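Worksheet: the structure to be examined is printed underneath.
Small disclaimer: the values here were computed from a predicted structure and weren't measured.
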Amino acid sequence: MTRNRITLYIGGRSVDMDSQSFVLFNYTQDDLTNPAIVRNSYSQQLTIPATPANNDLFDHFGQLDRITAEAGFGLLRKTPFSIFSETGELLESGYVRMDGVTREKGRNKSYKVTLFGDLGSLFYGYAFGVDGTPLSLGCLTIVDPELTDYPPDTEIPLDLSEFWGAHGFTGEFSGIINFAPTYAGYPEEFDAGKAIISPNLYANVPSSIYKDSTRYVPMGGIGQPYIINFAGEKYDLEVGEFRAYLMRPVINVNRLLRSIEYCSSEITGKSLVIDGSVYSIVGEDVIWMTLPTIKPEYRGASITLEHLLEGTVSPAAFIIGFAKAFGLVFHTDHDTITMMTRDAWYSRSSDVLDLTERVDIGSIELSPVFADAHFFDFSIPGLGYGAEQKKKASGRELGSLLVDTGYIYNDTVEDVLDGTPFKVADEPRLQSRSFIVSAFKTNNAGTGVEEEYLPQTSYEVVTAHMYKYESGRITEEAQDLPLDSMPSNIAQDMYNFLDWNTRPELCGDDMKPQDGSGVLLYYNGFVNTPAVEYDGGDYIIDFPAKKYWLTVYDAVRIALNDGMDCWDMRHSGRSVTALPEFSYVAAGGTAADSLRMDGGEGIYARRWKKYITDLYDQDTYRMTCRVNLRGMQVGQELLGRFWWYGGSLWVLNRINNHSLATDDLTECEFIRIKDTEDYTNGQQ
Amino acid sequence: MATPIWQDYTLSLGTADYYDYRILLDSPTGEIIYNGRARKRPGAVSVTIKLNGICSNYMSNYTSIDKAVLERTFVVQSLAGGSWTTVNTVTFSNDWSYDSDLLVSDIYSFPVSHIVDRRQLILYATMKSSVTVNWSASDGTTGSTDVEVENCIAYIDPSTLAEDVAEITVDGRLHYTVTDSCRRYVLYYVNERGGWDTLLMEGRHKESDELTRQVISVEYDNRYNEDPGRRNSLNDITHKVTLHTGWLDDASSMLMRHLLNSHNVQLFDMEKNEWHPLILTSTTTEYKTFENLNRQAVFYTIEAEFSNTRIRK
């Protein structure tokens, strides 16, 4: 086999490679059929022979009595790699992970490593510290905000008794008050003298509060949270009085993005640039992301933003979730990674490349795109005890729901939309406590009348917090429990709570799909359960969750978006507590305590009809072929470019097993498109 | 005295349940090449470790003809009371012969043939700092010269000794006859004990190229005959060579294993004065004798490929 001279360096040392150790690269563009998309960089597994030099490079990893020295190769240490061409050009760089070693006749035979390059190294660098410890958002330096403060007249100056009365309670102030600290409203000012009270916590919060003949209404309108300013008074935040620390504070997402961008080079070695097109989505308005409750060791002390960010997700997880939620893409250029909207990505270059001279026509295979689109797969990975239990019971991953589209060959889009309602594939029914979980939102009058919206479809449960709950109040410190260590009866309740039988329905009152103008939504957030009994008391369990749902209900759209397009939902300037609530109803019973859904981690929306249209376009071909890419810079840069071939336009979707070391042709996958502008518009 | 690297070398660290130990290169202040924690085997009195596996990685690096790795020293230390203490210092020889008769040998050259071409460089591997080369010419003159040893190799160029040198004796033990052969190729190779040897290819040779052609189908206009529908876009060429030794006696034949089992072989083209690294392609080494060949004269055929591939595009 021909060999162009490339050199792989690991930890700054060149690696002996044999003729089988081709370093092959895969680059993948968004899957056209997947509405929740983020482009992955490459990760490539490589087999490296156990030559003496390589054994020394890996500090004899795999020797049976080896221990990791303080310096040198260690499994948890981020070991950089780089690949140079013979002309000294840096072709790829990132981090190496050791996957395993093969031994034969008592000696190391080969090493299996995975190279994470470009985007992968960004995520890896933002997920683990240099010493291998997982990172949280607390590793960031939070940059200054660029927001306008809220007008001061939205703050209501009350002393505690006045607040107590305004809250609807009579008698002297006593007992326990639960409310959200100002961390929830003013991340730049963590002042114990300010608080937010949300109508989501209590049903009787008045629509306005009077003080000194001044009427104060909530920021954002009636039914929204109040900002209370305990003028001149300071209160102890310890257990027994204010439970402020039990509420989850929030941080402005815009500010978080800017901080991740700012810190990227220092923490990951890769420069991350967030394109202006992304900030345009977020806009000037406030989007909040919910943070975990304040850790016990920080309560009663001066609480800083860094304290709040400890124990959160890693910056990598945040970027990935955010990109998925908004359908963002990444453009890599070795040292610099740019996150941008798809529209901005495809607008980079309007030049169309000619495929004619480069393609081996003997290798062309065509397939229709929609051939495997009979089912929409809303799979999300399920983690934790509940998910494991579900998997054992049902034989499938939690959240792995296939929606039968009812597609029949040669149907038009309209046929599909007018046809059978979309239904979930059959799921095993729970044997005990079956919940129908519905969504409702407190209406504007604040009367608490529920309006059923739609059912959720799936949850991902990772960890849970338990709070002791008495007489409608949280009375005791929460235990932070991973699901697999929870008492079995609690876990069983959670298991039952995760109802598998809810069905996403894309239909109107006549149970027929509408004109496709409905909305496909994905949502991340926190949910907490109604009280469950444990250890002689009632506990509320609170866990992060992801949801998917489909709707054509006009009422839903209006209620969620104030009549705007769904992906403008976040532009309304609402705080997280104004987002929809969900309740569960025991079978045949009535609505129990509400389940709160807050957190603005990710709301991704796409017009249903556009989604169907893309999926069921009978003229959308997928073409795989071998292409001569010599003379072109092969990498993420090449994806998303438009090509001409056979009278049609194509977009390069995937590059498989491209070798930098040989002159072999490369297998590529193209998707036929009707029009470049049509392809880029409406992709967000 | 050096220990051959092929022979298992075990070391006792002590009678505790386990020891943290490390291996250093060359001296107690040398580079640390290994860290380990060894535990006592059930029923054993002490903790023992075996050093060959780790140390062999530092004996057998792929060297070029200006260097031979003959011996190397390793220091083993164990951790006691928070500080490292030297347990043992061992010197290994780069001996892969699996021959117990060579345990006390200081010989690192085992040439198969003592016939050399005047254009051929003789390599002599030794731990000495210099070797004495005695020579005699065809006109009867004689001489002696001391050749410096660098990186365990003495380089002896017959043409520099005398214009008409006919016989050479190296280090009082290896005797060579210098000829004006019409041969083209010489092989240089690392023998079983880590030294370099050389062998003049006295037999015939044959060369060939093996091609892998990359052919693709392309769009073309069939109105024009010169427009090809298929193109040979790339040729991948592996150059091969078949060499033959001269006639060998049984003793010389037994030394062919040093070449045929070698992992490092270089071809020298005496006509073009060029070096080419080779990969030997045979997977069987036959120990030929006059008797086991049914009383036929012994010679060997060596099949090899050039290491460096070539392309045409």
Straight-line distance of [X] [atom1] to [Y] [atom2], nearest 0.5 Å:
{"X": "A:Asp360", "Y": "B:Arg230", "atom1": "CG", "atom2": "CZ", "result": "11.0 Å"}
{"X": "B:Ile54", "Y": "A:His60", "atom1": "CD1", "atom2": "NE2", "result": "4.5 Å"}
{"X": "B:Ser233", "Y": "A:Leu665", "atom1": "OG", "atom2": "CG", "result": "6.0 Å"}
{"X": "A:Asn55", "Y": "B:Ser56", "atom1": "CG", "atom2": "OG", "result": "8.0 Å"}
{"X": "A:Arg107", "Y": "B:Asn52", "atom1": "CZ", "atom2": "CG", "result": "11.5 Å"}
{"X": "A:Asn628", "Y": "B:Gln214", "atom1": "CG", "atom2": "CD", "result": "7.5 Å"}

Distance-minimising heavy-atom pair for A:Gly362 and B:Ser217: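 Closest approach of A:Gly362 to B:Ser217, heavy atoms only: N-CB, 3.8 Å.
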
Step-by-step side chain to side chain contact (heavy atoms under 4.5 Å, CB included) determination, B:Asp20 to A:Ile67: CA-CA 9 Å; B:Asp20 285 341; A:Ile67 54 175; 3.9 Å; yes

Toward chain A, the part of B:Asn308 with a non-hydrogen atom under 4.5 Å: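 Neither part.
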
Which portion of B:Arg231 sits near chain A, non-hydrogen atoms under 4.5 angstrom: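 The answer is the side chain of B:Arg231.
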
Heavy-atom contact with chain B under 4.5 Å, split by part of A:Phe73: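 Neither; nothing under 4.5 Å.
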
Which portion of A:Arg66 sits near chain B, non-hydrogen atoms under 4.5 angstrom: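 Both backbone and side chain.
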
Tell me whether the count of non-hydrogen atoms from other residues, nucleotides or ligands lying under 6.0 Å of [atom1] in [X] goes above 12.
{"X": "B:Glu207", "atom1": "CD", "value": "yes"}
{"X": "B:Glu274", "atom1": "CD", "value": "yes"}
{"X": "B:Arg312", "atom1": "CZ", "value": "no"}
{"X": "B:Phe306", "atom1": "CZ", "value": "yes"}

Chain B interface, residue from A:Asp59, A:Asp56, A:Asn54 that has the most non-hydrogen pairs under 4.5 Å: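 Looking at each option in turn, the highest pair count goes to A:Asp56.
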
Option among B:Tyr18, B:Tyr34, B:Tyr19 that satisfies the side-chain hydrogen bond (donor to acceptor under 3.5 Å, both in side chains) test with A:Asp65: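 Of the listed residues B:Tyr18, B:Tyr34, B:Tyr19, the side-chain hydrogen bond (donor to acceptor under 3.5 Å, both in side chains) partner of A:Asp65 is B:Tyr34.
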
